[in-house]
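Here is the structure we will look at, set down as structure tokens.
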Amino acid sequence: MKFMEMKNTLKALSLAACTAVIGSMLLQPVFAQSMEQLQQLRERAQQSQSGASAQSVSPLSLSTQRTLPGASSSANAMGQFSTQPRNGVNLPGEPTIDTVFPAQAPMENPPFAANLFIGGFESERSSGLNDNYLVAPGDKINIWLWGAVNFSDVVTVDNQGNIFIPNIGPIRVANTPAGSVNQTVTTKIRQVYTNDVNVYVNLLTSTPVSIYVSGPVLRPGQYAGLASDSVLYYLKRAGGIDFQRGSFRQIDVVRNGKIVATADLYAFFRSGKLPEVSFKDGDTILVHPIGNTIVVETGARNSFTFEFLNEELNGGVVNYFARPGEFASHASVSGVRNNKQFARYLDLKEFASLELSAGDTVEYIADHEPQIYRINVAGAFAGASQIMVDKGARLLDVLDHIEADTKLSDTQNIYLLRESVAIKQKEIIEEGLQRLERSMYTAPISSTGEGAIRAQEAQLVADFIARARQIEPQGRVVVSENGDIANILLEPNDTIVIPEVTDLIHVGGEVLLPQSVVFNPDATTEDYVAWAGGFTERAEDERILIVRKNGNVTFSSVNDSFLSSDESKLEPGDQIIVLPAIDTKLLQAVKDITQIVYQIAIAANVATN
């Protein structure tokens, strides 16, 4: 009995284990519907158990995709240091320019010659084997002798600056220019082998040197290079000169406590001059603090911050470096003298002799009084579209020089487009929009319900104001009436518009079908509106805007006989604009919006909804 009970218990446990395994595999409860399905589930469970037992699971054998920065995937590399360069990546806690350098605002006028440090010459320098390179200890020289004596070898310049050749002895080559090494060695060899010996000498390599860069540079320190490298190369390696603290004019090369060369980057920038110096180990490039500065803000080809010596602080030197524009006539100078504000406005000749002071600001200005205007011509005309006229010219003087065909050009309805008028129309519209904003946002509210209505109305008005501010007025000036043309004084960049002869009437605004209709002398404003599909639901039929070809504006109506008098009689080329009706509860807003709509329609010939 005990054996049978144990057997039944094992069967129950086996069944429970199968169910657990199956549940873990399917991630959801499984219910056997028949003996066949149960048998299949048991077989799958046994297979999974046998597969799991065949594989040993250990925490050390778990795979992972996480790696440390710079770590290698090879097991043989464990415990070894990486030999790859960091490529500018900073180590944790390592100082950076952001942490050790004072924060500086961007300069509106950077230093003159500052773009010297954005070039790529650092990675494009020569090999150093130029003719002016001075041979130094450690350099390698290839020597060939053939003829009566055969010899070939690569010799190294020793610490004493000599090379040694068998049967010849030591030959001093230190500080010999690379272009003269062949001659120097050949001369010494021919003192021993006088006949039937040919000699060829070639400098193979140059020894790198270690140079210190100090002073107001971004990354002062020690840098390796070649003796023939320039001062610019090492300055670029050090990050360049600090624009606000370092001097571009006084850069010394110090060797054993003595100055052996001085570089002026302005001389290099203007005439390509750099000191001819062959660097040696331990040399120091010292950048001095910035000197006197003059800021040239505008009006010059070189609008930079200039650094000048004491004897260069005058307007003539500033003109030489800044190079004022062709049309610059005056210079504005401002600064401080004896703790008091100093300002002068001089022509360029007077400015050239003016003594300046450190910290002055100069601005070049083209202050020529215009004597010749450019007048544009548009519309129906023949000839040039631009005419240059003298100051004081009038309209009739210019019309005499414009060719026009009387059959195609309507010379009786000429008008002007003037920039100053367009600006003034824009200002008037803006004043009306600001008044409308004040009236909407400051209107008193008596109840919560009224407040909600006012908020919705304010949003609609705000949308209208946003659209209205995008309208650009034409700046039309009416100069003709009934065939007479006013001989007005012209302004620079005026546009004379000569309309074309047309047989159309243009209908737009709040009509169903805005279009152009053939002129009918017997038709009225109401007829043209009807031909354009009639009024929309939001149309204002009491005051219809009529824009004449000459730019004049009148009003018409379909009901009012006074507004439909002879003054509103239509002519070919007229434009009918049906304005929208303003529907709001605020009387002041009605007045302001209506005024703005009329102003926009007259200034830009459009109807703003």
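Taking H401 as the reference, nothing meets the side chain to side chain donor-acceptor pair (under 3.5 Å) condition, with sequence neighbours excluded. Not a single side chain to side chain donor-acceptor pair (under 3.5 Å) links K426 to another residue, sequence neighbours left out. R344 pairs by the side-chain contact (heavy atoms from CB on, under 4.5 Å) definition with F342, L346, not counting sequence neighbours. The side-chain contact (heavy atoms from CB on, under 4.5 Å) check on T284 picks up Y212, S214, V254, with sequence neighbours excluded. For P324, the side-chain contact (heavy atoms from CB on, under 4.5 Å) partners at least two apart in sequence or on another chain are N319, A328, Y364. Residues that satisfy the side-chain contact (heavy atoms from CB on, under 4.5 Å) test with V377, not counting sequence neighbours, are F381, I387, I402. Scanning for ring pair (Phe, Tyr, Trp, His ring centres under 6.0 Å) contacts around F327 gives an empty result, with sequence neighbours left out.
Listed by first and then second residue, the salt bridge (Lys or Arg N to Asp or Glu O under 4.0 Å) pairs involving residues 304-328 are R249-E312, R301-E326 (not counting sequence neighbours). Listed by first and then second residue, the ring-ring contact (aromatic ring centres under 6.0 Å, His included) pairs that reach into residues 252-279 are F112-Y266, F112-F269, Y234-F279, Y266-F321, sequence neighbours excluded. Listed by first and then second residue, the side chain to side chain donor-acceptor pair (under 3.5 Å) pairs involving residues 386-397 are E369-K391 (not counting sequence neighbours). Listed by first then second residue, pairs satisfying salt bridge (Lys or Arg N to Asp or Glu O under 4.0 Å) with a partner in residues 284-296 number zero, not counting sequence neighbours. Residue pairs meeting the side chain to side chain donor-acceptor pair (under 3.5 Å) criterion with at least one member in residues 328-342, sequence neighbours excluded: R337-D360.
Side-chain contact of N376 with D494: a donor-acceptor pair under 3.5 Å is absent, judged by distance alone.
Using a distance-only test at 3.5 Å, with no hydrogens or angles considered, no donor-acceptor pair links the side chain of D252 to the main chain of I259. In terms of modelled atom types and a separation under 3.5 Å, the side chain of S480 and the main chain of I414 share a donor-acceptor contact.
Heavy atoms from other residues, nucleotides or ligands lying under 6.0 Å from CD of Q183 number 12 at most.
Ring geometry for F304 versus F306: interplanar angle over 60°, hence perpendicular rather than tilted (30 to 60°).
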